[in-house]
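Quick caveat, the model's predicted, so the values are computed rather than measured. Indexing begins at 1, ligand by ligand and atom by atom, following the structure's order.
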Amino acid sequence: MSQSLTLRRPDDWHLHLRDGAMLRAVLPETTRHFSRALIMPNLVPPVVTAADARAYRDRILDARPEGAKFTPLMTLYLTENTDPEDVAAAHAARLITAVKLYPAGATTNSASGVRDFDAVRGVLERMAGIGLPLCVHGEVTDPTIDIFDREAVFIDRVLDPIRRATPGLRVVMEHITTSQGVDYVMSQDRDLAATITTHHLVINRNHILAGGIRPHYYCLPVAKREEHRLALRAAATGGDPRFFLGTDSAPHPDPLKESACGCAGCFTAPTTLPIIAHVFEDENALERLEDFTSLRGAAFYGLRPNEERITLSKGVPIASPAHIQTGDGTVTVFDPGFPLEWHVT
Ligand code: NCD
Ligand code: ZN
């Protein structure tokens, strides 16, 4: 029996588009299926000021394929020198949708991130006052903390203290990877939400390390044990409106990943929707797919859901595409380890 689902067009609440030739190659992979995406600011140099965000937004708009109606929702990269007034003006001008906190050194292109969280207190208080959400890369960078524990330790040492010190600050824990992340969101009020990526619903740490190192499964935060993957699947497919899709699709040219020191990031944009439909079907939760991909995130950010619809149909299984070509070289597409049965029609 053929099956099909009609959904409001999805939004991606955590996306890396890069710039230049890479931007032009990867943007159509998102605009094909998504109406809006929250654009991560970790360019080199990062998108720090309102002027940077305006210029980057215009480059994205210029790179849109013919006819695409996609809207990039911009973020600013929080630094210890960020000016609260610049942030507030960008918010008032509807230029930005959130501010992104990277602990310095936590991930790709995060060298300009925050070392001293007290130094950004003024910005966070201003954001709480105007209702501008903070998106958080939630990992400590303390080298004595095991990389698999960095998210859980961040919640206790950094995130919870920041939230207690800044009442009213709306926070999104980006790309959560642990049951501790899920539990923390569930224990808190509606000011806290979390995005969950495509790949963390599919892989655990064995996929990266068992039987050989697989650099295309390496991302940050790194995938954890199976019990954590199951907690993420339960959160994504469950009824709590604070968990929504942020793919964290993060393209890197293959030579930079297939290297003695490969960089972090999984490129999932081309096949995210077929993969997520597969996951939700496995969990007997197809009726919640639209909530996760198209409704909850918009509601958290105070935006109307998209009016346009897309249809997903279950059909002949096809192999996942292996890679795309870009002006910066080949980029491998995330392999979910199963054929794709759901197709966007
Ligand atoms: C991201 C990137 O490549 O920019 N990498 C990743 O592994 N997710 C950065 C990030 O979101 O941490
Ligand atoms: Zn990311």
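- With hydrogens and angles left out, the side-chain atoms of Asp254 and Thr332 include a donor and acceptor closer than 3.5 Å.
- Taking the ring centroids of Phe280 and Phe292, they lie under the 6.0 Å cut-off.
- Between His175 and His14, the ring planes are tilted. Angles from 30° to 60° get that label.
- Evaluation of the side-chain hydrogen bond (donor to acceptor under 3.5 Å, both in side chains) rule for Asp118 yields Arg121 as partners, not counting sequence neighbours.
- Thr144 and Asp142 form a side-chain donor-acceptor contact under 3.5 Å, judged by distance and modelled atom types alone.
- If you look at the Zn ion (ligand 2), the protein N, O or S atoms less than 2.8 Å from it are His14 NE2, His16 NE2, Asp248 OD1.
- A cation-pi arrangement is present between Arg170 and Phe300 under the rule of less than 6.0 angstrom and at most 45 degrees off the ring axis.
- Side-chain contact annotation: Ser320 with Asp335, donor-acceptor N/O pair under 3.5 Å absent.
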Show the short N or O contacts, below 3.5 Å, that ligand 1 makes with protein N or O atoms; if there are none, say 'none'.
{"from": "ligand 1", "atom 1": "3 (O)", "to": "Arg18", "atom 2": "NH2", "distance (Å)": "2.8"}
{"from": "ligand 1", "atom 1": "3 (O)", "to": "Thr108", "atom 2": "OG1", "distance (Å)": "3.3"}
{"from": "ligand 1", "atom 1": "3 (O)", "to": "His252", "atom 2": "NE2", "distance (Å)": "2.8"}
{"from": "ligand 1", "atom 1": "3 (O)", "to": "Ala264", "atom 2": "O", "distance (Å)": "3.1"}
{"from": "ligand 1", "atom 1": "4 (O)", "to": "His16", "atom 2": "ND1", "distance (Å)": "3.3"}
{"from": "ligand 1", "atom 1": "4 (O)", "to": "Arg18", "atom 2": "NH1", "distance (Å)": "2.9"}
{"from": "ligand 1", "atom 1": "4 (O)", "to": "Arg18", "atom 2": "NH2", "distance (Å)": "3.4"}
{"from": "ligand 1", "atom 1": "4 (O)", "to": "Asn42", "atom 2": "ND2", "distance (Å)": "2.8"}
{"from": "ligand 1", "atom 1": "5 (N)", "to": "Ala264", "atom 2": "O", "distance (Å)": "3.1"}
{"from": "ligand 1", "atom 1": "7 (O)", "to": "Leu220", "atom 2": "N", "distance (Å)": "2.7"}
{"from": "ligand 1", "atom 1": "7 (O)", "to": "Ala264", "atom 2": "O", "distance (Å)": "3.3"}
{"from": "ligand 1", "atom 1": "7 (O)", "to": "Gly265", "atom 2": "N", "distance (Å)": "3.2"}
{"from": "ligand 1", "atom 1": "8 (N)", "to": "Leu220", "atom 2": "O", "distance (Å)": "3.0"}
{"from": "ligand 1", "atom 1": "8 (N)", "to": "Asp248", "atom 2": "OD1", "distance (Å)": "3.4"}
{"from": "ligand 1", "atom 1": "8 (N)", "to": "Asp248", "atom 2": "OD2", "distance (Å)": "2.7"}
{"from": "ligand 1", "atom 1": "11 (O)", "to": "His16", "atom 2": "NE2", "distance (Å)": "3.0"}
{"from": "ligand 1", "atom 1": "11 (O)", "to": "Asp248", "atom 2": "OD1", "distance (Å)": "3.2"}
{"from": "ligand 1", "atom 1": "12 (O)", "to": "Thr107", "atom 2": "OG1", "distance (Å)": "2.7"}
{"from": "ligand 1", "atom 1": "12 (O)", "to": "His137", "atom 2": "ND1", "distance (Å)": "3.3"}

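- The aromatic ring centroids of Phe267 and His252 lie 6.0 Å or more from each other.
- Take Arg9 and apply the salt bridge (Lys or Arg N to Asp or Glu O under 4.0 Å) test, not counting sequence neighbours, and it matches no residue.
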